Amino acid sequence: LRTLESFGFEWVGAAVRQSARTALYEAALDRLRRLGVAYDCACSRQAVARAGRVGVEGFVYAGHCRRGIPHGATPRAVRVRTHDDPLTLTDRVYGLQSQRLESAVGDFVVRRADGYFAYQLAVVVDDADQAITQVVRGADLLSSTPRQLYLQRLLDLPTPAYAHVPVVLDAAGRKLSKRDRAHPVEPRDPLPALLAAWAFLGQVVEPERPASPAEFWDFAMARWDLARVPHAPPPIGTTDGASDE
């Protein structure tokens with residue numbers, strides 16, 4: 001939070017941690033069970049890999065536990081039953097997107113084997129609870145958005161407007177992250193990183209540049225043009241919500 005503040009980011013209200021919102025996620029999962037679309041799954045990640053085929057994010061779940069857990073097996077994750085009707089949305093950067101969930105990802109995990117709720121369910125509940133109307137995030141999450149759209153419809157929750165922006169990649173095509181030892185941002189001198197991000201997102205770099213983070217935000221908010229954001233191919237990878245354990 002201190003790093004975000006040093007870069008000039010602001011937010012409304014106190015920061016909320018998902019670890020304190022388990023009751024909300026449990027209520028959403030209970031509703032999915034009552035609708036008959038959530039079920040327990042005993043399959044390990046290795047079992048999914050052996051039986052499945054490759055989809056948009058790892059292996060597609062083959063539906064082994066759809067009709068019930070095999071006798072003697074222990075429940076692990078909780079999955080949501082999908083279908084192959086196309087789910088479409090219009091992303092503000094990438095345009096019209098369509099995905100058939102059953103073919104692309106299969107029945108996906110909403111609560112993992114370790115008891116934690118998966119990204120897909122948590123973010124849907126959080127966005128609705130906080131009345132989020134616009135979501136701007138990395139393009140590496142674009143392929144997971146139809147799962148969230150599906151959950152929003154099942155739970156009768158509003159769908160925000162989405163804009164997925166390209167993410168910075170290293171020479172191997174991986175997004176920059178501390179897991180891959182990418183260099184951290186410098187909170188004591190944030191302006192170079194802000195200007196680099198501005199240029200990376202296709203915005204106009206003018207000769208007279210801001211001299212401070214405060215000047216940058218005044219400059220940027222007056223000149224931001226979403227239409228200039230490049231349509232770089234989303235990086236290949238998985239999200240927390242794709243975990244099968």
Side-chain angles (χ1 to χ4, degrees), residues 7 9 53-61 80 82-110 118-128 130-155 157-177 179-180 182 193-205 217 220-243:
F7 273 74
F9 287 93
R53 54 181 175 75
V54 177
V56 297
E57 289 181 2
F59 292 96
V60 175
Y61 182 63
V80 166
T82 59
H83 56 69
D84 243 4
D85 296 337
L87 287 169
T88 60
L89 72 146
T90 301
D91 186 76
R92 296 180 65 195
V93 175
Y94 285 86
L96 183 65
Q97 302 291 309
S98 180
Q99 189 181 97
R100 298 177 185 270
L101 285 180
E102 190 171 5
S103 299
V105 298
D107 297 350
F108 57 93
V109 171
V110 288
Y119 171 80
Q120 309 297 348
L121 181 64
V123 73
V124 163
V125 172
D126 290 343
D127 286 348
Q130 296 178 307
I132 299 299
T133 58
Q134 299 183 58
V135 173
V136 180
R137 61 187 181 189
D140 54 323
L141 294 171
L142 180 59
S143 63
S144 74
T145 307
R147 275 166 275 176
Q148 295 154 37
L149 181 66
Y150 182 55
L151 289 174
Q152 288 158 358
R153 292 180 178 178
L154 288 173
L155 295 169
L157 299 175
T159 297
Y162 290 97
H164 289 80
V165 298
V167 297
V168 181
L169 307 178
D170 65 13
R174 301 171 301 190
K175 67 177 182 178
L176 302 185
S177 70
R179 179 183 61 189
D180 296 320
L194 289 171
L195 291 171
W198 178 259
F200 176 78
L201 292 174
Q203 304 306 299
V204 177
V205 178
W217 287 110
M221 287 189 284
R223 293 168 176 79
W224 171 255
D225 183 1
L226 190 63
R228 298 185 63 88
V229 174
H231 297 197
I236 297 173
T238 60
T239 67
D240 171 71
S243 172

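Atoms considered below: every heavy atom in the structure, side chains included; atoms not considered: hydrogens, waters and symmetry mates. What you see is a predicted model, and the numbers here were worked out from it, not measured in a lab.
His164 and Gly138 make their closest contact through CD2-O, 3.3 Å (heavy atoms, listed as atom of the first residue, atom of the second, distance). Contact record, Val60 with Gly55: CG2-CA, 3.5 Å, taken as the closest heavy-atom pair. Across Ser103 and Arg53, no two heavy atoms sit closer than the pair O-NH2, 2.9 Å.
Judged by distance alone, with hydrogens and angles left aside, the side-chain atoms of Gln134 form no donor-acceptor pair with the main-chain N or O of Pro160 at under 3.5 Å. With hydrogens and angles ignored, the 3.5 Å screen pairs no side-chain donor or acceptor of Asp170 with any backbone N or O of Leu176. Distance alone, capped at 3.5 Å, places no donor-acceptor pair between the Asp180 side chain and the Ala182 backbone. For the pair Gln203 (side chain) and Leu201 (backbone), a donor-acceptor distance under 3.5 Å is present. Using a distance-only test at 3.5 Å, with no hydrogens or angles considered, a donor-acceptor pair links the side chain of Asp107 to the main chain of Thr82.
Taking the six-membered ring for Trp and thresholds of 30 and 60 degrees, Trp224 and Trp198 have ring planes inclined between 30 and 60 degrees apart. In this structure, His231 and Tyr94 have tilted ring planes: the angle between them lies in the 30° to 60° band.
Between Gln120 and Leu151 there is a side-chain heavy-atom pair separated by less than 4.5 Å. Two residues are said to be in side-chain contact when any heavy atoms from C-beta on lie closer than 4.5 Å; Tyr162 and Val136 fail this criterion. Counting heavy atoms from C-beta on, the side chains of Tyr61 and Glu102 never come closer than 4.5 Å. The side-chain heavy atoms of Leu142 and Asp91, taken from C-beta on, include a pair separated by under 4.5 Å. Under the 4.5 Å side-chain criterion, counting only non-hydrogen atoms from C-beta, Pro146 is in contact with Leu101. Val168 is not listed as a side-chain neighbour of Lys175, based on a closest heavy-atom distance of 4.5 Å or more. No side-chain heavy atom of Phe200 sits under 4.5 Å from any side-chain heavy atom of Pro230.
Considering CG of Leu121 and CZ of Arg147, their distance stands at 13.0 Å, rounded to 0.5 Å. To the nearest 0.5 angstrom, Ser143 atom OG is 6.5 Å from Gln99 atom CD. Atom CZ of Phe7 and atom CH2 of Trp217 lie 10.0 Å apart (nearest 0.5 Å). Note that CZ of Phe108 is 10.0 Å distant from OG of Ser144, once rounded to the nearest 0.5 Å. Between the CG atom of Leu89 and the CD atom of Gln152 there is a distance of 9.5 Å, given to the nearest 0.5 Å. Between atom OG1 of residue Thr159 and atom CG of residue Leu149 there is a gap of 5.0 Å, rounded to the nearest 0.5 Å.
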Between Asp127 and Val135, does the side-chain contact (heavy atoms from CB on, under 4.5 Å) criterion hold? Intermediate values first, please. CA-CA 9 Å; Asp127 286 348; Val135 173; 3.9 Å; yes
Report the C-alpha separation of Leu226 and Arg92 in whole Å, then their side-chain angles, then the decisive distance to 0.1 Å, and conclude whether the side-chain contact (heavy atoms from CB on, under 4.5 Å) test is met.
CA-CA 8 Å; Leu226 190 63; Arg92 296 180 65 195; 3.6 Å; yes
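Using modelled atom types, one finds a donor on one side chain and an acceptor on the other under 3.5 Å when comparing Thr145 with Arg137.
We find that Arg100 and Asp84 are not joined by a salt bridge, their nearest charged nitrogen and carboxylate oxygen being 4.0 Å or further apart.
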